[in-house]
2 protein chains.
Amino acid sequence: MNGPKERKTGDPGDAYVVASVERAAQLLLTLAEMPDAGVTDLAEATGTTKSLTFRLLYTLERNGFVRKDAERRTYTLGYRTLVLGDQSRRQSQLIATAEPVLESLVEETRENALLFVREGTKGLCVALRESPQPLRIFASVGRLVPLYAGGATKVLLAYAPDEVQAEVAAGPLERFTPSTPSDSASLSAALERIRSDGYVRSVGEIEPDTCSIAAPVRDQTGGVIAALGVNGPTARMTDAVTDAAALTVMSAAAGLSRALGWRPGPTGMG
Amino acid sequence: MNGPKERKTGDPGDAYVVASVERAAQLLLTLAEMPDAGVTDLAEATGTTKSLTFRLLYTLERNGFVRKDAERRTYTLGYRTLVLGDQSRRQSQLIATAEPVLESLVEETRENALLFVREGTKGLCVALRESPQPLRIFASVGRLVPLYAGGATKVLLAYAPDEVQAEVAAGPLERFTPSTPSDSASLSAALERIRSDGYVRSVGEIEPDTCSIAAPVRDQTGGVIAALGVNGPTARMTDAVTDAAALTVMSAAAGLSRALGWRPGPTGMG
DNA sequence: AACAGCGTTTCAACAGTCGAAACCCGGAGG
DNA sequence: CCTCCGGGTTTCGACTGTTGAAACGCTGTT
């Protein structure tokens, strides 16, 4: 299909990748989004051949990363992925520390509480606690969102390295709703605003009728390593509510940062 | 280490395995047990070369399955593994259904509650809820235990296909404690006992001074797909306590089975 | 009875992978 | 200040494991 052979040119990126492993990784992620898919479907979804998909699945099954269904026609994630996830959660100071914070955020705001980290030019939801209310926004760990839209994601962008900000600003800004930021000038103003306010309120930038409030999470180096936020339907998120939520979220984010070893700097900003 | 090259002989097992993917899988599992390890350590631990390990890590990092530490000298599981684990948990009816059962088991018994599935000739802990008491057995999702020793594991063995039972009985029975079953005759008697009692009590077979009670979990086909159990220090697990716990565990296992679609057969056993 | 669609198997050619060894770099020791 | 040491990174070419295509058999459908 593609031929990324430019080893010596600008991006030495894939000089060391083991293609089969990368394909297997993609296959796993695809399978996570298409439970109970068959070989053919997965082959199509990942853009490879049936044979390869079959062999990758075979290999992954052997290692417990994938499970064949009883009637042997469909595949699902295997129990070993649970193990990885669990160990990962235990080992990650960020996630382990954030979990109780998410819980108390939900208690206080009664809305979904989420934690995002940056992965390249996307934000990845790595932890989440759902609102107890029946009307709530569907969210899931693993959700990938472009950095230029949404609350937590824009926070991540606001504090991301310049290269990343440039890359995002340069790239096309796909529009999900009429409110999605679509020009880099207003985006960069929004980012500046986030840095001075210390939080963000984003309304309907990804999905209409949803609103999110988010604030940065820092580690001992002072760098922003995650964004903590809540989201809910605009119907409930009146100005008064979001103003209160902003304080709650900021204080939760500061608490989390402190638990991660961050100490407020002398000038409050770098 | 080994050289499984017998493609055409008895076991056509690894005819389809993609070696690099298998190695990557092993690497991930190794990393789960050796957080913050470096390239050299991991290479040694997985029995491969530095170059290969480096490239696998590079590839996995690219896909978010591993993360390099700030100073770029150590590796950890990445956030994408969280995603897989989370999706896997949501998608697995067994795990999703078992979680509340584990919770109520802990409430009732005040001991660790665990769920095991069989993976080859080992039992794998796939879900767990810890005892609220300070003195408790250390347990973790991902723990692999041979089927011939321990509570939940022996339950799995008791209902495993004949080939598996034969393989385990044939293989060497490594002794972890003086109580570890060590001859296949008494093991097979113990399994028979489990099948007629519908539960098992295992004392100190893996670790001294620990005791576990477990019972089988069935799905709609009537097959045993998991074992549910509790474990705790023998100091607390007196006969009276374990007798009560046996009933609690059996009823929890039956409830879980029912939730999974199992219906008690006319004769109660097949 | 023929078909369609799926997962599985085979095969040979070739691209990709891999081990070995050189390389770089930071820190410890002389 | 230089050397050494032990990590991680990079290079290289031979070889082998990997791959796409196409055939196969099975199951459920028309």
Annotated protein contacts, base or backbone, on nucleotides 21-30 of chain D with a non-hydrogen cut-off under 4.0 Å, one of B, S, - each: B---------

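In this structure, the helix from dA1(C)-dT30(D) to dG30(C)-dC1(D) shows an angle of 30° between the axis at its start and the axis at its end, each fitted on 5 base pairs and rounded to 10°.
At least one test fails for R67(A) against the ring of Y75(A): distance under 6.0 Å to the centre or angle within 45° of the axis.
To the nearest angstrom, C1' of dT8(C) lies 5 Å from CZ of F54(A). Going from atom OH of Y58(A) over to atom C1' of dT19(D) covers 17 Å, rounded to whole Å. In this structure, CG of L52(A) is placed 14 Å from P of dT8(C), rounded to the nearest angstrom. In this structure, CG of L56(B) is placed 10 Å from P of dT17(C), rounded to the nearest angstrom.
Within a 6.0 Å sphere centred on CD of E44(A), heavy atoms belonging to other residues, nucleotides or ligands number 12 at most.
Note on ring orientation: taking the six-membered ring where Trp is involved, the planes of Y16(A) and F54(B) are perpendicular (angle over 60°, cut-offs 30° and 60°).
Contacts of residues 20-33 of chain A with DNA chain D (heavy atom under 4.0 Å): S20(A), R23(A). Residues of residues 37-45 of chain A having a heavy atom closer than 4.0 Å to DNA chain C, listed by number: G38(A), V39(A), T40(A).
Separation of atoms CG (D86(A)) and OG (S140(B)) is listed at 7.5 Å; rounding is to 0.5 Å. Remark: I194(A) CD1 to L157(A) CG distance equals 7.5 Å, nearest 0.5 Å. Taken from OG1 in T221(B) to CH2 in W262(B), the straight-line distance is 12.0 Å, to the nearest 0.5 Å.
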Atom pairs and distances, donor-acceptor, side-chain atoms in residues 17-34 of chain B, under 3.5 Å, two or more places apart:
| residue | atom | partner | partner atom | Å |
| --- | --- | --- | --- | --- |
| E22(B) | OE1 | R62(A) | NH1 | 2.9 |
| E22(B) | OE1 | N63(A) | ND2 | 3.1 |
| E22(B) | OE2 | R62(A) | NH1 | 2.9 |
| Q26(B) | NE2 | N63(A) | OD1 | 3.0 |
| T30(B) | OG1 | Q26(B) | O | 2.7 |

Side-chain donor-acceptor contacts of residues 116-127 of chain B below 3.5 Å, not counting sequence neighbours, with atom names and distances?
| residue | atom | partner | partner atom | Å |
| --- | --- | --- | --- | --- |
| R118(B) | NH1 | G120(B) | O | 2.9 |
| E119(B) | OE2 | R80(A) | NE | 3.4 |

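Remark: side-chain polar atoms of S92(B) are not paired, donor with acceptor, to backbone N or O of S88(B) under 3.5 angstrom. A donor-acceptor pair under 3.5 Å links the side-chain atoms of Y148(A) to the main chain of E174(A), judged by distance alone. Between the side chain of Q93(B) and the main chain of L260(B), no donor-acceptor pair closer than 3.5 Å is present.
Annotation: side chain of T40(A) is in contact with side chain of K50(A) (closest heavy-atom distance under 4.5 Å).
A salt bridge is absent between R73(B) and D69(B): the closest approach of a Lys/Arg side-chain nitrogen to an acidic carboxylate oxygen does not fall below 4.0 angstrom.
The phosphate of dT9(C) has OP1 or OP2 within less than 4.0 Å of a side-chain N or O from Y16(B).
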